[in-house]
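Single-structure report; data block below.
Residue numbers start from 1 in every chain, and the chains themselves are labelled A, B, ... in the order their sequence lines are given, proteins ahead of strands.
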Amino acid sequence: MAGPDTAPPRDFIRAVVGDDVAQGRVTEVVTRFPPEPNGYLHIGHAKSICLNFGVAREFGGRCHLRFDDTNPTKEEQAFIDAIIEDVRWLGFDWGRHLYHASDYFETLYQWAEHLIDKGMAYVDDLTADQIRAYRGTLTEPGRPSPHCGRGGDENLDLFRRMRAGEFADGAKVLRARIDMASGNINMRDPVLYRILHAPHPRTGDKWCIYPTYDFAHGQSDAIEGVTHSICTLEFEDHRPLYDWLVANLPVPSRPRQYEFARLNITHTVLSKRRLTQLVEGGHVAGWDDPRLPTLAGMRRRGFPAAAIRDFCARIGVTKSDSVVEVGLLEHCARELLNKTAPRRMAVLRPLKVVIENYPEGDGELLEAVNNPEDSSAGTRKVPFGREIFIEAEDFMEDPPKKFFRLAPGREVRLRYAYFITCTGVIKDKAGSVRELRCSYDPATRGGNAPDGRKVKATLHWVSAADAMPAEVRLYEHLFTKPDPGGDDFLADLNPNSLEVLKDCRLEPALSNAGAGETVQFERLGYFIPDAESRPGRPVFNRTVGLRDTWAKVRGQK
RNA sequence: UGGGGCGUGGCCAAGUGGUAAGGCAACGGGUUUUGGUCCCGUGAUCCCAGGUUCGAAUCCUGGCGCCCCAGCCA
């Protein structure tokens, strides 16, 4: 069993790294996680983070956190801050190795001049549209730009004037001189620098030209001594360019790029473009909406970081496109939480029960186990009285065959309390059940009958006199379809992804539920206080429900 | 019709010539003061077709299918 943070997984990336170490090709393994600060991190990033930091740790190396901040028109400091918080929360530490591609802007600039000197780059005056037209298509080769023959001095002069701010955005670009006829479009004289008169979150107004991803990434890796630059499959086509640049520039080391398949999960979306659309379009309540697969959202929802790490370890790392069922993620959360979450009782949809033979005005404290999976968690006292609330769905006036819970004349157990028998049903004018009358057996205190009598169900409950009112938010999948449609994915949004219950009742022990601590509401699932929770006005999020075989039986009848 | 990848049970995924691990899901059954947990049991001949071999998911040939690439995004 691949428990949390146990046996390190074995995959093709680790095989390569292990081989490089064994053959002496590298002495220290250095990886990096390189987010662009233009959005929040999601669980797809978690896969990459676990891979990069995991490999570094397993081989005694190090992993850098480096922001790929080469496009100031899309990036913000707020995203940088959020990303740092999320990676930390996930449980990884980059030590003093926090970097930004923008740290290397001056060096990258010098290397661009170096390329010009070698005749391997030129300044192009073509517009973006013209460049596209000259680039050819997937099946037809491109044609050289009319400016590709410019002399070195002219190119150098033009490039320096680009830096000096003499030209408008888009007026000129610096391009590598490689091969306009290459089958690989990335090699058809790719753009290396573009003019962007935009302030940068870190370098301010110092620059008005910025390197492209291709010109920044590999060189940044080389500067940092990264040995294994691990990225996703869509960059496979960029590897020849990555290698070309690193081979033709006076870089201090020779990193290698390896690609793995990005993560996909059913019933959600995992692309930054779509997540941004959901947030900016107001379809969710922000980047940390608990329905989102963002790390911030999952944290708020109550997913433990260790469960996410476990999930990432279980899905593996390969090169084949795959879609992991959300069920696995939910399983990872349940498995961990089952062992760690304290048990409490809470009633989501209260139905009042009056125990008629229980002395009026009396009350008592009953002992309840905090976690049957962890005896060290101890016990607590739960108040009991003549009037209690039970879950409305735990009673049926006319129960079907397989319904084991409370019904007229039937006896069930109240967890850690007594056996009760339903003796009466009170309804309102509309005919719906308002209240139940029951009797209890004083001999069954604690939940066991001395005569060995059995009941078929155990219900959770809360003392009416002591209950604390609360709001509880239930979540379902954000999308109704396993694979939300392409451009039309908003049409697949699940209208019932959020259900707010405003009249819930909690046992008193829940009043000091610690922030960030997920608890189990017995028989219901795992819940965590929401960020909007306040003393005296608690709000809980359901992280995930318990497995519910009754729901299955009920569903298929 | 160019270039780069991928194809093992419903979903992931081991396997690298010697006779198909594991996890999730599903379905049976047992235990149980959570219809939870836990325990036991049930399923593939490996995209297709040829070939090499005593023997192939693993090697060769030819097909088929799916994904990525024509941003001065990353």
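When each of A:P34 and A:R343 is assigned the nucleotide of RNA chain B bearing its nearest heavy atom, the one mapping closer to the 5' terminus is A:R343. Projected onto RNA chain B by closest heavy-atom contact, A:G136 and A:Y213 fall at different nucleotides, the more 5' of which corresponds to A:G136.
A:R239 places its CZ atom 7 Å from the P atom of B:rG5, with the value rounded to the nearest Å. Distance CG (A:D548) to P (B:rA25): 14 Å, rounded to an integer number of Å. Atom-to-atom, CG of A:D214 to P of B:rA74 comes out at 8 Å; the value is rounded to the nearest Å. Rounded to whole angstrom, the span from the NE2 atom of A:H100 across to the C1' atom of B:rA74 amounts to 16 Å. If you measure from atom NE2 of A:H267 to atom P of B:rC11, you get 13 Å, rounded to the nearest angstrom. Rounded to an integer number of Å, the gap from CD1 of A:I178 to P of B:rC69 is 19 Å. One atom, NZ of A:K454, and another, C1' of B:rU32, lie 10 Å apart when rounded to the nearest Å. When the C1' atom of B:rA74 is taken as reference, atom CD of A:Q219 falls 15 Å away, rounded to whole Å.
With a glycosidic angle further than 90° from 0, B:rG36 counts as anti.
With hydrogens and angles ignored, no donor-acceptor pair closer than 3.5 Å exists between the side chain of A:E259 and the base of B:rG5. Residue A:E140 places no side-chain atom within donor-acceptor reach of the base of B:rU1, judged by atom type and a 3.5 Å distance cut-off alone. At a cut-off of 3.5 angstrom, the base of B:rG4 holds no donor-acceptor pair with the side chain of A:N184. Remark: the A:E373 side chain and the B:rG36 base include a donor-acceptor N/O pair separated by less than 3.5 Å.
For B:rA70, the OP1/OP2 oxygens have no side-chain nitrogen or oxygen of A:R188 closer than 4.0 Å. Here A:R10 does not reach the OP1 or OP2 of B:rG22: none of its side-chain N or O atoms lies under 4.0 Å away. Remark: A:K319 is not in phosphate contact with B:rC68, judged by side-chain N or O atoms under 4.0 Å from OP1 or OP2. Remark: A:T212 is not in phosphate contact with B:rC72, judged by side-chain N or O atoms under 4.0 Å from OP1 or OP2. Distances shown here put a side-chain N or O of A:R547 below 4.0 Å from the OP1 or OP2 atom of B:rU37. Close to B:rU34, at under 4.0 Å from its OP1 or OP2, lies no side-chain N or O of A:H460. At the phosphate of B:rG71, OP1 or OP2 sits under 4.0 Å from a side-chain N or O atom of A:R135. In this structure, A:T70 reaches the B:rA74 phosphate: one of its side-chain N or O atoms is under 4.0 Å from OP1 or OP2. Put simply, A:S320 has a side-chain N or O that comes within less than 4.0 Å of OP1 or OP2 on B:rA13.
Here the separation of B:rU16 from B:rG50, taken at their P atoms, is 26 Å to the nearest Å. Taking atom P on both nucleotides, B:rC27 is separated from B:rA70 by 44 Å, rounded to a whole Å. Nucleotides B:rC46 and B:rA56 have their C1' atoms positioned 11 Å apart, rounded to a whole Å. The same atom, C1', is picked in B:rC54 and in B:rG29; the two are 44 Å apart, to the nearest Å. The same atom, C1', is picked in B:rA20 and in B:rC39; the two are 26 Å apart, to the nearest Å. Nucleotides B:rC72 and B:rU58 place their C1' atoms 46 Å apart, quoted to the nearest Å. On the P atoms, B:rG43 is 25 Å away from B:rG18, given to the nearest whole Å.
Considering only the side chain of A:R314, B:rG23 comes nearest among B:rG23, B:rC72, B:rC69. If you check B:rG5, B:rC11, B:rC27 against the side chain of A:E325, the one that comes closest is B:rC11. Nearest nucleotide to the A:L328 side chain, out of B:rA70, B:rG23, B:rA74: B:rG23. When distances are taken from the side chain of A:R132 to each of B:rG2, B:rG71, B:rA13, the shortest belongs to B:rG71. For A:E236, whose side chain is taken as the heavy atoms from C-beta onward, the closest listed nucleotide among B:rA74, B:rG5, B:rU34 is B:rG5. Of the candidate nucleotides B:rG2, B:rA26, B:rG36, B:rA26 has the atom nearest to the side chain of A:K552. Here B:rG4 is the nucleotide among B:rG4, B:rG5, B:rU34 with the atom lying nearest to any side-chain atom of A:D237. Proximity note for A:N71 (side chain, C-beta onward) versus B:rG36, B:rA74, B:rC24: the nearest is B:rA74. Nearest nucleotide to the A:L546 side chain, out of B:rC24, B:rA13, B:rG36: B:rG36. Among the nucleotides B:rU34, B:rC72, B:rA14, the one closest to the side chain of A:T458 is B:rU34.
A:F527 has its side chain within reach of A:V472: a pair of non-hydrogen atoms, C-beta onward, lies under 4.5 Å apart. The side-chain heavy atoms of A:H460 and A:I390, taken from C-beta on, include no pair separated by under 4.5 Å. The side-chain heavy atoms of A:H267 and A:K481, taken from C-beta on, include no pair separated by under 4.5 Å.
Note on A:P35: nothing from the nucleic acid sits closer than 4.0 angstrom, heavy atoms only. As judged by a 4.0 angstrom heavy-atom cut-off over every strand, A:K456 is placed among residues making no nucleic acid contact. Using a 4.0 Å heavy-atom cutoff across all strands shown, A:T318 reaches sugar-phosphate atoms only and no base atom. Residue contacts for A:L138: at a heavy-atom cut-off of 4.0 Å it reaches a base atom on one of the strands shown. Nucleic acid contact for A:F235: base, since at least one base atom lies under 4.0 Å from a heavy atom of the residue. Residue A:F260 is out of contact with every strand shown, counting any heavy-atom pair closer than 4.0 Å. At the heavy-atom level, A:E36 lies under 4.0 Å from the strands shown only through sugar-phosphate atoms.
Atoms CG and CG, on A:L351 and A:D394 in that order, are 9.0 Å from each other to the nearest 0.5 Å. The CG atom of A:L115 sits 6.5 Å away from atom CG of A:L245, with the distance rounded to the nearest 0.5 Å.
Ring centers of A:Y109 and A:F159: under 6.0 Å apart, within the cut-off.
Remark: of the listed residues A:P37, A:P201, A:S102, A:P37 is the sole one forming a side-chain contact (heavy atoms from CB on, under 4.5 Å) with A:F67.
Between A:E393 and A:R349, none of the side-chain N atoms (NZ, or NE/NH1/NH2) sits under 4.0 Å from a carboxylate O, so this pair counts as no salt bridge. Between A:R314 and A:D310 there is a salt bridge, with a side-chain nitrogen of the basic residue lying less than 4.0 Å from a carboxylate oxygen of the acidic one.
The nucleotide B:rG17 finds no pairing partner, because no Watson-Crick or G-U wobble arrangement with both distances shorter than 3.5 Å includes it. For B:rU34, there is no paired nucleotide, since no Watson-Crick or G-U wobble pair has both relevant distances below 3.5 Å. Remark: B:rG9 base-pairs with no nucleotide; criterion is Watson-Crick or G-U wobble with both hydrogen-bond distances under 3.5 Å. Figure legend. B:rG62 is base-paired to B:rC48; pairs are counted as Watson-Crick or G-U wobble with both atom distances under 3.5 Å.
The aromatic rings of A:F403 and A:W550 lie perpendicular to each other, with more than 60° between the two planes, well past the 30° mark.
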